[in-house]
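Naming: A, B, ... by sequence-line order, numbering from 1 per chain.
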2 protein chains.
Amino acid sequence: MGTERRTRTPKYLQINDQLTAMIADMEPDTLLPKELELAETFSVSRETLRQALQLQTSAGRIYSIKGKGTFVARPHISKGDKLTSFTEDMEARGLTPRSRVISAREITPDTDTAHDLELDDGRTVFEIVRIRLADDVPMCLETFQTPTSFFPTLLELPLTGSIYELFRTHGRISITNTEQRITAALAKKAQADLLGVRPRSPVLLVNRVSSDQRGRLIERTESVYRGDRYDFRLSARRDGR
Amino acid sequence: MGTERRTRTPKYLQINDQLTAMIADMEPDTLLPKELELAETFSVSRETLRQALQLQTSAGRIYSIKGKGTFVARPHISKGDKLTSFTEDMEARGLTPRSRVISAREITPDTDTAHDLELDDGRTVFEIVRIRLADDVPMCLETFQTPTSFFPTLLELPLTGSIYELFRTHGRISITNTEQRITAALAKKAQADLLGVRPRSPVLLVNRVSSDQRGRLIERTESVYRGDRYDFRLSARRDGR
DNA sequence: GATAGTTACAAGTCTAGACATCAAGCTTCC
DNA sequence: GGAAGCTTGATGTCTAGACTTGTAACTATC
């Protein structure tokens, strides 16, 4: 423990991690030690411990009943409230995700994109078209668009991985909000060819618009998922307050 | 103990409401007063104020930058991280939602349902089949199933509204977590007839499993949405920690 | 035996303050 | 003139304690 060199991570986050590991080994509905005891165990004040417990609660790993105590929740719905990304989905199913870049260029956006991203006339966007594969089987045809102004050097970077990650590490932009519209349709000829399915097969159309912490609209993505091989999973949590 | 409940709402929730109203009138990126001033304005301590600010932050209405201040976020993505229900979706689009109950009965669950709800042999479920309509146009065919043990009197209540609401008000069960799987398919004959579309039209298949705060599996719902009239909207927020 | 009151305990709320860290402007010194 | 350091002001983290409210078990009374 003494190796903590200038502990950069706050205590409540460290405790959060330790709680996660601790709870992973416990049966559902097990009563945890009371807050004051846990606080003493971790050598912090009760309020700091409660910050960590709050994180565990919003992650759905514990629940607490006033006057009784804090308990381990059943782990059926374990993911947080964020959408599962393509990469996460594939890895959760034991598949290896890959991407094949079809095109990457700077274009004048169509009206739909200009509207969704609230772009003025004359502004351009980067458009990146990729095929997403799982174990080398095409799953999804994805068209990503972002205003060139936010991240002018985007196309100079490798585009086979997570573009969100590029925004975070190289662009200093953290995408925190995303809104999606999902509908069902039949595959068009060109889409069907790229996805390796027959035309008029059922597909999922996903239109996504994302913004950063400040509410600035960062990107819009249109995706076509094949309906025979892909299902879209998401979990949500209603606020307990 | 009848009418004199006097449920005192905590200060941080009251302040949260006042902040919501206050922010609604402000331009994006406006600098808010500093935390100590706000705390004084509301006559609470800084930590209590920060609880309210935290709620505003997770609701996406404000953002704060260490060393600079707290600002009003742009309101483009305003919804929280919860899934939009059918009723909410329809009302947001200016349509009137209704339900038509096709059947409501107690049955022995099939293997899929028994598996998803982790039911032992011999347990029965209530099955409620409904058509959800918007302005009297069929949108969705919904099959709801819940173990009879949680809420034995469910079928005695009116089933045209929100069943979650019945669980909350009459069953004393608050459904907080829900996990969904969405895929695309083609409508089968019987489904197409009920939905008023041609067979082999594109539809969205949604399989939902929900649980309460303790992680107990409460319900499973299979829904068939028509792809030509319905799109499935959802918004998510990544945790800013 | 049922019911109402008492008590212990645990989480929930709230406070006043201390220190840490980051951003930005200002001063000083080379 | 410019870089380095200082100062100010803001959010971020943390503490010890007091008070509030809900739960459950126990007890006394009817």
Side-chain angles (χ1 to χ4, degrees), chain A residues 1 4-19 23 29-58 61-73 172 174 176 213-214 239-241, chain B residues 1-2 4-19 23 29-58 61-73 172-174 176 213-214 239-241:
Chain A
M1 212 66 88
E4 306 285 339
R5 47 132 204 163
R6 285 182 58 101
T7 43
R8 208 172 166 76
T9 55
K11 287 188 186 176
Y12 71 90
L13 286 182
Q14 294 178 32
I15 294 171
N16 183 46
D17 289 342
Q18 295 184 58
L19 285 173
I23 288 163
D29 297 320
T30 307
L31 176 64
L32 292 176
K34 61 187 175 190
E35 294 181 347
L36 274 173
E37 284 179 17
L38 282 174
E40 186 148 2
T41 302
F42 294 120
S43 305
V44 294
S45 74
R46 183 173 167 232
E47 281 302 315
T48 302
L49 175 88
R50 278 172 62 81
Q51 280 190 70
L53 288 182
Q54 171 61 33
L55 292 181
Q56 290 291 318
T57 301
S58 18
R61 282 192 282 267
I62 62 174
Y63 64 95
S64 48
I65 299 176
K66 191 164 164 181
K68 286 190 74 175
T70 304
F71 304 84
V72 178
R172 293 195 164 281
S174 159
T176 55
Q213 195 187 28
R214 311 187 183 190
D239 50 348
R241 296 279 185 186
Chain B
M1 293 304 211
E4 215 156 20
R5 286 284 296 199
R6 193 179 141 90
T7 38
R8 194 173 70 87
T9 55
K11 287 187 186 177
Y12 71 90
L13 285 182
Q14 294 178 32
I15 294 170
N16 183 47
D17 289 342
Q18 295 184 59
L19 285 172
I23 289 163
D29 298 319
T30 306
L31 175 64
L32 292 176
K34 61 188 175 190
E35 294 181 347
L36 275 173
E37 283 180 17
L38 281 174
E40 186 148 1
T41 302
F42 294 119
S43 304
V44 294
S45 74
R46 185 176 164 229
E47 282 300 318
T48 302
L49 175 88
R50 278 172 61 80
Q51 279 191 71
L53 288 182
Q54 170 61 35
L55 292 180
Q56 290 291 317
T57 301
S58 16
R61 282 192 282 266
I62 62 174
Y63 64 96
S64 49
I65 300 176
K66 190 167 164 178
K68 288 188 74 174
T70 304
F71 304 84
V72 178
R172 294 196 164 278
I173 290 175
S174 159
T176 56
Q213 193 188 27
R214 312 188 181 191
D239 50 349
R241 296 277 187 189

Send over the distance from [X] [atom1] to [N] [atom2], rounded to a whole Å.
X       : N      : atom1 : atom2 : answer
B:Leu53 : D:dT13 : CG    : P     : 13 Å
B:Leu49 : C:dT13 : CG    : P     : 16 Å
A:Ile62 : C:dA10 : CD1   : C1'   : 14 Å
A:Arg50 : C:dA11 : CZ    : C1'   : 6 Å
B:Gln51 : C:dT15 : CD    : C1'   : 11 Å
B:Glu47 : C:dA18 : CD    : P     : 14 Å

Could you tell me whether the phosphate oxygens of [N], OP1 or OP2, come under 4.0 Å of any side-chain nitrogen or oxygen in [X]?
X       : N      : value
A:Ser64 : C:dA10 : no
B:Ser45 : C:dC14 : no
A:Lys66 : C:dT13 : no
A:Thr70 : C:dA10 : no
B:Tyr12 : C:dT13 : yes

Requested in this report: For A:Gly67 and for B:Arg46, locate the closest nucleotide of DNA chain D by heavy-atom distance; then report the residue assigned to the nucleotide nearer the 5' terminus.
Outcome: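 By nearest-heavy-atom nucleotide position, the 5'-most residue is B:Arg46.
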Report task. List in numerical order all residues of residues 30-41 of chain A for which some heavy atom is under 4.0 Å away from an atom belonging to DNA chain D. Result ->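 Heavy-atom cutoff 4.0 Å gives no residues at all.
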Report task. Give the minimum heavy-atom separation between A:Tyr63 and A:Val72, together with the two atoms involved. Result ->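 Smallest interatomic distance, heavy atoms only, reads CE2-O, 3.5 Å.
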Report summary line: Correct closest heavy-atom pair for A:Leu38 and A:Pro33 would be CD1-O, 3.6 Å
Query raised in the report: Would you say the side-chain atoms of A:Gln213 and A:Thr176 include a donor-acceptor pair closer than 3.5 Å?
Result: no
